[in-house]
Amino acid sequence: MIRTRLLVLVATYVALAAAVDFAQEEKIRNLIENVDTRYSDNVFEDANLNAPELIAKYRYPIEVHTVTTDDGYILEMHRIPYGRDANNVPNEKKTVVFLMHGLLSSSADFIIMGPGSALGYLLAEEGYDVWMGNARGNTYSRKHVTLNPDALLNTDFWKFSWDEIGNIDLPTMIDYALGVSGQERLHYVGHSQGTTSFFVMTSLRPEYNDKIVSMHALAPVAYMAHNTSPLLNFLAPQANSIEGISAILGIGEFLPSSEILTIAGEALCNDEVAFQPICSNILFLIGGWNEAEHNATMMPALFGHTPAGSSVRQLAHYGQSIAGKEFRRYDQGSLLSNLAVYGSFKPPSYDLSKITTPVFLHYSDSDPLAHVEDVDRLFSELGRPIGKFRVPMASFSHLDYMYGINAKELLFDRVINLIRAMDANTFNEIDNN
Ligand SMILES: *[C@@H]1O[C@H](CO)[C@@H](O)[C@H](O)[C@H]1NC(C)=O
C-alpha cells in the first residue's frame, strides 16, 4: 500500500518536476483540511512541503518575514506567533524565543519532527513567540539584491562563512524580530552552527549581548580540536585548498537542497526498502550515530529538508577550526589578504570574554562535533557561563539534538524550564555539570 503510494508519488513528481509549484498550492489546501495529528502522518508529504507549508499543515499559525542585510542578502524568517492547543490567543504580546539552525540545515529543523516533539511547536504551546532564522545561502535565504547564487563561474554570492552569518545575519534578524514583536530582548536557542554564529555575533558585536536574556547552546561548537566527525576530519587538512579548488571550478555552494535528493530520500530511505541502513549511514558520517534516538521512519522527511545548502567557505572555516585548534576568524589564505581584512597576518581569535550574555551549554558524551573537552574549554572562557548541562543519555549524538526520538524529555523540557526560570529570575548561577 505504502509502496504503491510511493510509486505514484515519485511518478507524479518526476512528471511534474518542472512545474511543481502550481500543483503545490492546491495540495496544501487539501492537506490542511484533512490533517489533525501529533506526529507526522505522512513522511512523504512532509518531505515535499516547505517549512511554512508544514507548519500550516499541522494547523499552527505561521508568518513568513524577509529582511535584507546591509550587504544585500535577503533572509527569510519563519514565525509561529502563538500556540495551537494552548496559549493560542492571537495578538498577545509574548516573550520572544529566537531559534537558529546548524550547518546545512534550516528553520525546518525546529518543526520537522512534528507537534509534540519539535522544539518550535513546544515553545509555541508554552506561550512563546517563536522566530526561526535562516542563514544566508540556505534554501530559504538563497537570494541577494544584486548577486546571483547560480551565476556561472562567479561565486561572489557564496563568499561568506559563519563569520558573516554571526556578524551580519544574526544581528539583522534579531533586530527585525524585536522590532515586529515590540520587545527589547529575546531568548536565543541555537544548534551547532547556530551556536558558533551566536558566539561570533556577541564577541564581534558585544552590544548585542544586551538584547539577549539567555542563550541555550545545543551541541555547542566553537573549539573543535577534538572533533571526531569522519566527514569534517576528512576535509579539515584540505581546509585551505577546498575553497581555492572550488573557486577555480566556479562552485561556491555545498550540498544545496534538491528535488533529486528529496525523491531519492523517499524512494531509498523509507521503511520498506533494504537501502534504508545506507541512508542512516549517510547521516552517521555527518553527525554521528545513535541507534536509540534514530527514527528511521522519518528519514524521507529529513532528506526532504536537509541538506539545505551552505557555502563551501562555511565548511572550510570549520576545517580551519579543526586543523588550527583555535576559534578564529576566517583565514583568507594568505598573509597579505589577512592583513588587508583584519590588519594582522593571522586571523584574530574571537574574544569569548566579551560574551556577557548568560550562556547555558547543553552537551553530550558522544557528540563527534562538540567534544566534551572542547565544550569545557569554551565554558571556561565565556564571559558569563551560567550552566553546563550534560544530556542524560551517554549515546546522545549531534543530530539527536534536533531529530532524537526523546529530545523533548532529554533536552527540550529542560531548556524551556531554564528559559522560564531566567524570565522569573529564579535561576541561581550554578554549574549543573
Ligand atoms: C517515528 O516516526 C513516525 C512518523 O512520524 C511515527 O509515527 C513514530 O511514532 C515515530 N517513532 C517513535 C519511536 O517515535
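Indexing begins at 1, ligand by ligand and atom by atom, following the structure's order. Keep in mind that this is a model prediction, so the values were computed, not measured.
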**Message:** Counting non-hydrogen protein atoms only, what is the nearest one to atom 14 (O) of ligand 1? Give residue, atom name and distance.
**Reply:**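 Heavy-atom neighbour on the protein nearest atom 14 (O) of ligand 1: Ile405 CG2, 3.5 Å.
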
**Asked** So which heavy atom in the protein is nearest atom 1 (C) of ligand 1, and how far is it from that ligand atom?
**Response**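 Ranking protein heavy atoms by distance from atom 1 (C) of ligand 1, first comes Asn295 ND2, 1.5 Å.
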
**Asked** Of all the atoms in ligand 1, which lie at a distance below 4.0 Å from a heavy atom belonging to Met298?
**Response** 2 (O), 4 (C), 5 (O)

**Request:** With rounding to the nearest 0.5 Å, note down the distance linking CD1 in Ile386 to CE in Met215.
**Result:**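 These two atoms lie 12.5 Å from each other.
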
**Asked** Where do Tyr58 and Asp46 land on the side chain to side chain donor-acceptor pair (under 3.5 Å) test, with the steps shown first?
**Response** CA-CA 10 Å; Tyr58 289 102; Asp46 289 5; 2.8 Å; yes

**Request:** For the pair His398 and His191, name the ring-plane relationship: parallel under 30°, tilted 30 to 60°, perpendicular over 60°.
**Result:**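 Answer is tilted, since the angle falls between 30° and 60°.
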
**Prompt:** Can any side-chain N or O of Ser397 pair as donor or acceptor with the backbone N or O of Asp367 at less than 3.5 Å?
**Reply:** no

